[in-house]
S.K.: 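I have a structure here, written as structure tokens, and I will follow up with some questions on it.
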There are 2 protein chains.
Amino acid sequence: MKKHNCIVGDESVCPKVKLSIQDTLDVVGGKWKLVLISILRDGKMRFRELSREADISPRILSKELQELEMNGLVTRTVCNTKPVTVEYALTPYSDTLSEVIIAMHKWGQEHRRKVMEPSL
Amino acid sequence: MKKHNCIVGDESVCPKVKLSIQDTLDVVGGKWKLVLISILRDGKMRFRELSREADISPRILSKELQELEMNGLVTRTVCNTKPVTVEYALTPYSDTLSEVIIAMHKWGQEHRRKVMEPSL
DNA sequence: TTTCATAGTATCCTTTTTGTAACTGGTATC
DNA sequence: GATACCAGTTACAAAAAGGATACTATGAAA
């Protein structure tokens, strides 16, 4: 079978792929982060909007956004509006996740199509 | 901001991206599935091997493999060997996940590189 | 003054996930 | 027979994730 181009030689199989995937999952794993990012790709959004859009409770949303902010994927901007509003937007760095998001988007679509096939 | 090509018109933002991502996460979300698939891309492997390779306990591994098998991503083959061995291998369908896995692999590598940057 | 909207936080609870350790059953080896 | 390896399963525990509800604080509108 095809081996990956692996710089470090070791035990039996290169650990880099496994590690890389795990690193990625550490940052955008879980139920919500990629969903939130994919929603924010349509443009910045306020807290409540995002909450409604993603159908996620404030508590979880708050936590997820903090984590995304910590990892430099999202910015939080407080606006001087009538009731103070807060805008969340993607950072340029988050663009590096485009491939991942697009790939998952495409796969999800195709998979649904496949699963929906009439009793094949 | 750019809108996605959306067939169904609705509330405010197209739900298809969100749904597609969630569909994907339903199948390969969680801590292990993508890791296991990425390991199996190097070739079929037996239960214990996989357990050691991924550093995952038999209980979890068993459950994850069952779910992957249910979703048509992995095959389970019992071999008539001295002590019975069981081989797990990827299905052709799992190849459709290549883009996702490669994208996550690349991103994880790049992200680690970025995070490791000496006190930038 | 009461009410509503904003952006969260606090509290409590349930569900899901993950892990550990021990154990089954089969075959082979010592 | 005792031991060891394989592929799991079972029972139990711990932790993480997720969710519901209520609440804070601010300011504007009714």
Side-chain angles (χ1 to χ4, degrees), chain A residues 11-12 18-19 21-40 43-71 74-90, chain B residues 11-12 18-19 21-40 43-71 74-90:
Chain A
E11 318 93 52
S12 60
K18 181 193 157 200
L19 278 180
I21 301 267
Q22 288 178 325
D23 283 349
T24 302
L25 292 177
D26 283 344
V27 178
V28 294
K31 193 173 175 179
W32 292 113
K33 296 207 177 61
L34 285 173
V35 169
L36 291 175
I37 293 174
S38 76
I39 290 177
L40 284 173
K44 63 190 178 187
M45 213 173 264
R46 284 174 297 130
F47 188 86
R48 288 288 174 186
E49 280 183 294
L50 208 38
S51 173
R52 281 188 287 261
E53 197 65 46
D55 194 24
I56 180 177
S57 71
R59 196 181 73 88
I60 310 294
L61 179 57
S62 176
K63 196 201 62 178
E64 298 289 311
L65 287 172
Q66 279 172 25
E67 291 170 7
L68 288 172
E69 203 190 345
M70 280 196 335
N71 281 304
V74 154
T75 56
R76 178 181 180 276
T77 311
V78 180
C79 307
N80 292 335
T81 49
K82 28 251 175 123
V84 169
T85 55
V86 178
E87 281 179 352
Y88 289 91
L90 295 182
Chain B
E11 322 90 52
S12 61
K18 181 194 154 197
L19 278 180
I21 301 269
Q22 287 178 328
D23 283 348
T24 302
L25 292 177
D26 283 345
V27 178
V28 293
K31 193 173 176 177
W32 293 114
K33 297 205 178 64
L34 286 173
V35 169
L36 292 174
I37 292 174
S38 76
I39 289 176
L40 285 173
K44 62 189 177 187
M45 211 172 266
R46 284 175 298 129
F47 188 85
R48 288 286 174 188
E49 281 182 294
L50 207 39
S51 173
R52 282 187 288 262
E53 196 67 46
D55 193 26
I56 180 177
S57 70
R59 196 183 71 88
I60 310 293
L61 179 57
S62 176
K63 196 201 60 174
E64 298 289 312
L65 288 172
Q66 279 172 25
E67 290 169 6
L68 288 172
E69 202 189 347
M70 279 198 334
N71 280 303
V74 155
T75 55
R76 178 180 180 277
T77 312
V78 181
C79 307
N80 293 336
T81 49
K82 27 250 175 118
V84 168
T85 55
V86 178
E87 281 178 350
Y88 290 91
L90 295 182

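Reminder, nothing fancy here: chain letters follow the sequence lines and each chain counts from 1.
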S.K.: For the pair made of OH in A:Y88 and C1' in C:dT6, what is the distance, rounded to whole Å?
M.R.: 12 Å
S.K.: Indicate, with a heavy-atom threshold strictly under 4.0 Å, whether A:T85 touches base, sugar-phosphate, or nothing.
M.R.: sugar-phosphate
S.K.: Applying salt bridge (Lys or Arg N to Asp or Glu O under 4.0 Å) as the test, list every pair that has at least one member in residues 62-71 of chain B; sequence neighbours left out.
M.R.: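 Passing the test, one end in residues 62-71 of chain B: B:K33-B:E64, B:K33-B:E67.
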S.K.: Just to verify, what does B:S57 make a side chain to side chain donor-acceptor pair (under 3.5 Å) with, not counting sequence neighbours?
M.R.: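 Result, side chain to side chain donor-acceptor pair (under 3.5 Å) vs B:S57: none returned.
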S.K.: Consider the side chain of A:S57, meaning its heavy atoms from C-beta on, and name the nucleotide among D:dG19, C:dT20, D:dA7 that approaches it most closely.
M.R.: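 In terms of side-chain proximity for A:S57, the closest of D:dG19, C:dT20, D:dA7 is D:dG19.
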S.K.: Check side chain to side chain donor-acceptor pair (under 3.5 Å) between A:R76 and all other residues, then give those that pass, not counting sequence neighbours.
M.R.: A:Y88
S.K.: What is the distance, rounded to the nearest whole Å, between atom CD1 of B:I56 and atom C1' of D:dA7?
M.R.: 14 Å
S.K.: Throw together a table of side-chain donor-acceptor distances under 3.5 angstrom for residues 22-29 of chain A, partners on residues two or more places apart or in other chains.
M.R.:
unit_1 : atom_1 : unit_2 : atom_2 : d
A:D23  : OD1    : B:R112 : NH2    : 3.1
A:D23  : OD2    : B:R112 : NE     : 2.6
A:D23  : OD2    : B:R112 : NH2    : 3.0
A:T24  : OG1    : A:S20  : O      : 3.0
A:T24  : OG1    : B:M104 : O      : 2.8
A:T24  : OG1    : B:G108 : N      : 3.1

S.K.: Which atoms of nucleotides 23-30 of chain D (N or O only) lie under 3.5 Å from a protein N or O atom, and what are those distances?
M.R.:
none

S.K.: Over how many whole Å does the gap from B:L61 atom CG to D:dA7 atom C1' extend?
M.R.: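 Distance check: B:L61 CG to D:dA7 C1' gives 10 Å.
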S.K.: Pairs under 3.5 angstrom, nitrogen or oxygen only, protein versus nucleotides 15-18 of chain C, please.
M.R.:
unit_1 : atom_1 : unit_2 : atom_2 : d
C:dT18 : OP1    : B:K31  : N      : 3.3
C:dT18 : O4     : B:R59  : NH2    : 3.0

S.K.: Picking from B:L90, B:V74, B:L68, what satisfies side-chain contact (heavy atoms from CB on, under 4.5 Å) with B:L36?
M.R.: B:L68
S.K.: Holding to side chain to side chain donor-acceptor pair (under 3.5 Å), I want the full list of residues that pass it with B:T77, two or more places apart in sequence or in another chain.
M.R.: none
S.K.: Scan B:E87 against the nucleic acid and name what it touches under 4.0 Å (heavy atoms): base, sugar-phosphate only, or nothing.
M.R.: nothing
S.K.: Flag the pair B:S51 / B:R46 as yes when at least one side-chain heavy-atom distance between them is below 4.5 Å, and no otherwise.
M.R.: no
S.K.: Which whole-number value in Å describes the distance from B:L65 CG to D:dT9 C1'?
M.R.: 14 Å
S.K.: So B:L40 and B:L50, do their side chains get closer than 4.5 Å, heavy atoms only?
M.R.: yes
S.K.: For D:dT9 and B:Q66 - does any side-chain N or O of the residue sit under 4.0 Å from the phosphate oxygens OP1/OP2?
M.R.: yes
S.K.: Report the distance from atom CD of B:E69 to atom C1' of D:dG8, rounded to the nearest whole Å.
M.R.: 13 Å
S.K.: Can you check the B:R76 CZ to D:dT9 C1' distance for me, whole Å?
M.R.: 12 Å
S.K.: Would you please name every residue forming a side chain to side chain donor-acceptor pair (under 3.5 Å) with B:T75, sequence neighbours left out?
M.R.: none
